[in-house]
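Step one of this worksheet: look at the structure below.
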There are 2 protein chains.
Amino acid sequence: MTTIKDAGAPVALPLDTILAGDCIEAMQGLPAASVDLIFADPPYNLQLKGELHRPDNSRVDAVDDDWDRFDSLKTYDAFTRAWLTEARRVLKPDGAIWVIGSYHNVFRLGAALQDLGYWLLNDVVWRKSNPMPNFRGKRFTNAHETLIWASRSEGAKYTFNYEALKALNEGVQMRSDWTIPICTGHERLKDDNGDKAHPTQKPEALLHRVLVGTTKPGDVVLDPFFGTGTTGAVAKMLGRSWIGIERDAGYRKVAEARISRVRKFDREALEVSTSKRAEPRVAFGVLVERGLLRPGEELWSLSGRHKAKVRADGTLIADDVKGSIHQVGAHLEGAPSCNGWTYWHFRREGQIVPIDYFRQQIRAEMQAG
Amino acid sequence: MTTIKDAGAPVALPLDTILAGDCIEAMQGLPAASVDLIFADPPYNLQLKGELHRPDNSRVDAVDDDWDRFDSLKTYDAFTRAWLTEARRVLKPDGAIWVIGSYHNVFRLGAALQDLGYWLLNDVVWRKSNPMPNFRGKRFTNAHETLIWASRSEGAKYTFNYEALKALNEGVQMRSDWTIPICTGHERLKDDNGDKAHPTQKPEALLHRVLVGTTKPGDVVLDPFFGTGTTGAVAKMLGRSWIGIERDAGYRKVAEARISRVRKFDREALEVSTSKRAEPRVAFGVLVERGLLRPGEELWSLSGRHKAKVRADGTLIADDVKGSIHQVGAHLEGAPSCNGWTYWHFRREGQIVPIDYFRQQIRAEMQAG
DNA sequence: ACGATTGCTGAATCGGCTG
DNA sequence: ACAGCCGATTCAGCAATCG
């Protein structure tokens with residue numbers, strides 16, 4: 001019996017699995033707009049070894065060392081644009097991508113992203129605390145790599161867990177330079193001979209920051225150059241779904257074993273700080289409705305210089321202006337905008353308290369109820 | 001009488017002057033293969049949309065100058081490739097170029113350099129110890145800019161003063177990430193109204209490291225986007241010849257006045273280390289790089305009996321000895337060893353202060369960064 | 001005089017929901 | 001689609017003022 005798949009039927013995503021094969025072909029088998037985030041660590045070298053494809057997906061013939069640099073760069077660009085095009089198709093409209101590279105290839109990557117319609121959000125520098133020295137003393141120690149973070153399109157509502165990242169960074173907002181050691185020691189995967197299993201294994205700390213910062217629990221993360229599966233391992237720990245693509249059977253095997261050993265963190269551990277923006281919205285009028293503030297009661301700015309009267313409909317009236325708590329505050333301060341919740345205060349027993357106190361009380365009730 | 005210039009005759013270089021006009025046309029007037037180093041800080045093409053306010057409602061004074069506006073990426077690329085082509089013609093065969101940019105434009109710059117036949121040597125990250133925060137909490141703090149260092153061609157014998165850079169960096173080889181504060185305070189040039197004279201003035205410490213590291217005394221340094229002349233000012237201090245190109249008459253005037261105030265450092269101060277030596281790990285060179293101590297400035301022992309002169313690479317020279325602050329101190333005291341940080345003092349307004357004062361200052365900054 | 005406090009500013013691609 | 005409006009959001013360094 002043959003199962004015929006409807007052309008329009010939703011295709012199930014191969015979640016939490018490693019797809020074997022070329023990344024462009026494998027991505028072609030995935031449905032459009034199905035992935036929340038892509039993390040890609042493509043080949044850095046310019047002397048491509050034949051795994052490359054032209055824009056029409058025909059295979060590039062075997063390596064020819066006599067190729068001049070122009071042809072080589074051109075070939076690399078064609079490969080880059082081919083897989084980035086497929087990646088963009090697979091991304092959800094509000095999805096985003098991270099790519100990582102060194103100065104050999106990162107300018108090709110960045111230019112291609114811009115040309116294909118991605119919107120650059122930041123470039124991020126991975127500062128290696130323990131880089132390999134420059135042995136010949138002919139250049140600067142190559143002590144960093146560059147990541148580019150881009151949304152699928154300009155205006156996309158990409159995920160950015162601002163408060164979580166700020167918490168990771170001792171309470172100040174996360175900068176575009178991250179100091180992280182290279183992957184060594186126990187974390188570095190070894191093959192049966194005790195040699196490193198993969199030449200460019202990325203540290204889990206790097207993926208941790210990427211995934212905590214720019215995905216939500218349950219999001220689908222795709223890594224088209226999976227290697228030994230750092231992306232999958234960290235995604236599993238963090239309660240994200242993942243899809244890996246890898247051509248090399250040896251790497252797939254190592255990745256499979258590695259990820260099976262990983263245990264997901266507790267749900268509590270995965271809860272990250274959220275911003276006020278994510279909390280439910282409360283109208284000022286509700287405070288009046290519930291009798292927390294009485295119509296006719298006076299509110300004061302912190303300095304006590306300005307005051308306004310509460311009206312029954314949840315607007316304020318001051319000497320020469322009426323409107324929302326925000327509008328009246330902005331007008332009195334001559335400011336372009338004003339957060340009325342923190343600007344206005346009420347008095348109780350000699351104390352002066354911001355009205356946000358009541359909002360928090362209401363939010364707590366909403367949570368409980 | 002008319003002087004007829006032979007087509008093949010050497011054309012005199014307009015050394016230590018600012019050329020007025022468009023950088024492409026001005027470079028066309030320079031002879032081929034005449035310049036040792038180019039430092040270029042081209043427009044970044046920021047493409048800002050609306051206004052931005054800080055949380056305290058103050059307005060951010062953004063870069064909205066006409067010279068930073070381009071119709072499209074295509075227009076920007078055409079401009080970039082035009083000036084980089086002319087720059088390459090003007091460079092000596094063993095010459096090199098530095099370009100600086102942010103994620104908005106640096107991928108266009110890097111890709112263009114590669115396409116035009118330059119050979120990338122390093123990308124270098126300028127980590128700002130005091131960047132402007134991301135006020136809306138929507139992205140990572142944009143805390144760095146990227147410099148690309150490239151030779152005119154593959155195989156060129158570019159200048160790289162390995163030992164001088166190592167001396168500047170506590171005796172370990174210089175990495176590809178440089179932590180330097182943005183240009184503020186007295187170094188920041190102001191116009192007659194007290195406003196910043198140029199929106200994107202670069203810190204002298206950045207140019208100090210570039211020129212000490214990749215030029216020789218007497219080299220010709222060209223800056224096709226001269227602005228207020230940081231490149232010229234530092235080149236003059238360091239005994240390099242310079243040529244600036246600038247379209248804006250206001251900037252030229254500021255640069256002219258600035259550079260005329262600069263004094264060249266002593267010749268002795270400009271001799272940098274060329275031989276290998278086992279140096280103790282001292283950060284003294286950073287004090288020089290950041291302008292806390294001037295090359296040529298005299299340091300004194302507490303008693304005032306001994307003195308020595310500061311050199312640009314962070315070594316000292318006294319009557320009959322040169323070396324690190326520790327070595328010179330030990331020699332003058334006839335002692336087996338000496339802590340140069342507490343031995344040497346500088347004078348400010350009649351006060352005599354140990355140089356360790358500045359080290360503590362730098363350490364505080366590094367902590368912050 | 002000197003430490004503490006307040007104020008200003010820097011190459012920035014810096015909303016999101018509702019009607 | 002678009003307008004209107006709510007309402008969230010900052011770090012380091014320097015200078016001027018205050019006590």
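Numbers restart at 1 for each chain; the letters A, B, ... are given by sequence-line order, proteins then strands.
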Between C1' on C:dA12 and CD on A:Q173, what's the gap in Å once rounded to a whole number? 12 Å
For the C1' atoms, the ones on C:dA12 and on D:dT9, what distance do you get once it is rounded to whole angstrom? 14 Å
So, do A:V124 and A:D177 sit near enough that their side-chain heavy atoms are less than 4.5 Å apart? no
Could you work out the separation of D:dT10 and C:dC8 based on their C1' atoms and round it to a whole Å? 13 Å
Of the candidate nucleotides D:dG7, C:dA11, C:dT9, which contains the atom at the shortest distance from the side chain of A:H326? D:dG7
Report the residues that fulfil salt bridge (Lys or Arg N to Asp or Glu O under 4.0 Å) with A:D36, sequence neighbours left out, ordered by chain and then residue number. A:K92
So B:C183, base contact, sugar-phosphate only, or nothing? Heavy-atom distance under 4.0 Å. nothing
Answer with base, sugar-phosphate or nothing: what part of the nucleic acid does A:V282 contact at a heavy-atom distance below 4.0 Å? sugar-phosphate
Considering all heavy atoms, the nearest B:L206-B:L147 contact: CD1-CD1, 4.2 Å
Would you indicate whether B:R348, at its atom CZ, is surrounded by more than 12 heavy atoms from other residues, nucleotides or ligands within a distance under 6.0 Å? yes
Measure centre to centre between the rings of A:W149 and A:F160, then say whether the value is under 6.0 Å. yes
Could one point to a donor on the side chain of A:S337 or the base of D:dA8 with an acceptor on the other under 3.5 Å away? yes
Does A:S324 make a side-chain N or O approach to OP1 or OP2 of D:dC6 shorter than 4.0 Å? yes
Any side-chain to backbone donor/acceptor pair from B:R188 onto B:H198? Under 3.5 Å, distance only. yes
Examine the base of C:dA11 for any acceptor or donor lying under 3.5 Å from a partner atom in the side chain of B:D41, and report the outcome as yes or no. yes
Non-hydrogen side-chain atoms of B:I148 and B:L120 separated by less than 4.5 Å: yes
Using the side-chain heavy atoms of A:N339, tell me which of these nucleotides is nearest: D:dC6, C:dA12, D:dA8. D:dA8
Nearest-angstrom distance from the residue atom CD of A:E170 to C1' of D:dA12: 16 Å
Just how far, in rounded Å, is P of C:dT9 from NE2 of B:H198? 19 Å
Atom-to-atom span, CZ of B:R127 to C1' of D:dA12 - whole angstrom: 14 Å
Paired and unpaired positions of DNA chain D as dot-bracket, Watson-Crick or G-U wobble under 3.5 Å, | denoting a partner strand: .|||||....|||||||||
Give the C-alpha distance, both sets of side-chain angles, the deciding distance and a yes or no for salt bridge (Lys or Arg N to Asp or Glu O under 4.0 Å) between A:D219 and A:K216. CA-CA 6 Å; A:D219 274 3; A:K216 296 191 259 288; 5.2 Å; no
Let me know the distance between CG of B:D56 and P of C:dG10, rounded to the nearest Å. 13 Å
Can you check whether A:R359 has a side-chain N or O nearer than 4.0 Å to OP1 or OP2 of D:dA8? yes
In this structure, how many angstroms lie between the P atom of C:dT9 and the CZ atom of B:R54, rounded? 7 Å
Per nearest nucleotide of DNA chain D, the residue lying toward the 5' end, B:H53 or B:T184, is B:H53
Each nucleotide in nucleotides 13-19 of chain C should get exactly one letter: B, S or -. Can you fill that in based on protein heavy atoms under 4.0 Å? BBSS---
Given the rule in the side-chain hydrogen bond (donor to acceptor under 3.5 Å, both in side chains) test, do A:H144 and B:D123 qualify, once you have shown the distances and angles that lead to the verdict? CA-CA 9 Å; A:H144 75 277; B:D123 60 338; 3.1 Å; yes
Quick one: is C:dA11 close enough that its OP1 or OP2 comes under 4.0 Å of any side-chain N or O from B:K202? no
What I want to check is whether an N or O donor and acceptor connect the side chain of B:K128 with the base of C:dA11 at under 3.5 Å. no
Nearest-Å distance once atom P is located in both D:dC6 and C:dC14: 23 Å
B:W98 and side chain to side chain donor-acceptor pair (under 3.5 Å): which single residue from B:N122, B:D41, B:T214, B:D223 fits? B:T214
If each of A:K166 and A:G340 is mapped to the nucleotide of DNA chain D with the nearest heavy atom, which maps nearer the 5' terminus, i.e. the 5' end? A:G340
Any base atoms under 4.0 Å from B:P42, or only sugar-phosphate, or nothing? Heavy atoms, all strands. base
Say you pick atom P in D:dA8 and the same atom in C:dA11; how far apart are they, in whole Å? 30 Å
Where does C:dT13 fall, syn or anti, if syn means a chi angle no more than 90° from 0? syn
In whole Å, I'd like the distance from the CD1 atom of B:I182 to the C1' atom of D:dT10. 14 Å
Determine the contact category for A:Q327: base if any of its heavy atoms lies under 4.0 Å from a base atom, sugar-phosphate if only primed atoms, P, OP1 or OP2 are that close, otherwise nothing. sugar-phosphate
Using whole Å, report how far NZ of B:K190 lies from P of C:dC8. 15 Å
Taking only side-chain N and O atoms of B:H186, does any of them lie within less than 4.0 angstrom of OP1 or OP2 on D:dA15? yes
Taking the six-membered ring of B:W178 as reference, does the NZ or CZ atom of B:R127 fall below 6.0 Å from its centre and within a 45° cone about the axis? no
For D:dT10, does either OP1 or OP2 sit under 4.0 Å from a side-chain N or O belonging to A:Y162? yes
Check the angle between the aromatic planes of A:Y357 and A:F346 and answer parallel, tilted or perpendicular using the 30° and 60° thresholds. tilted
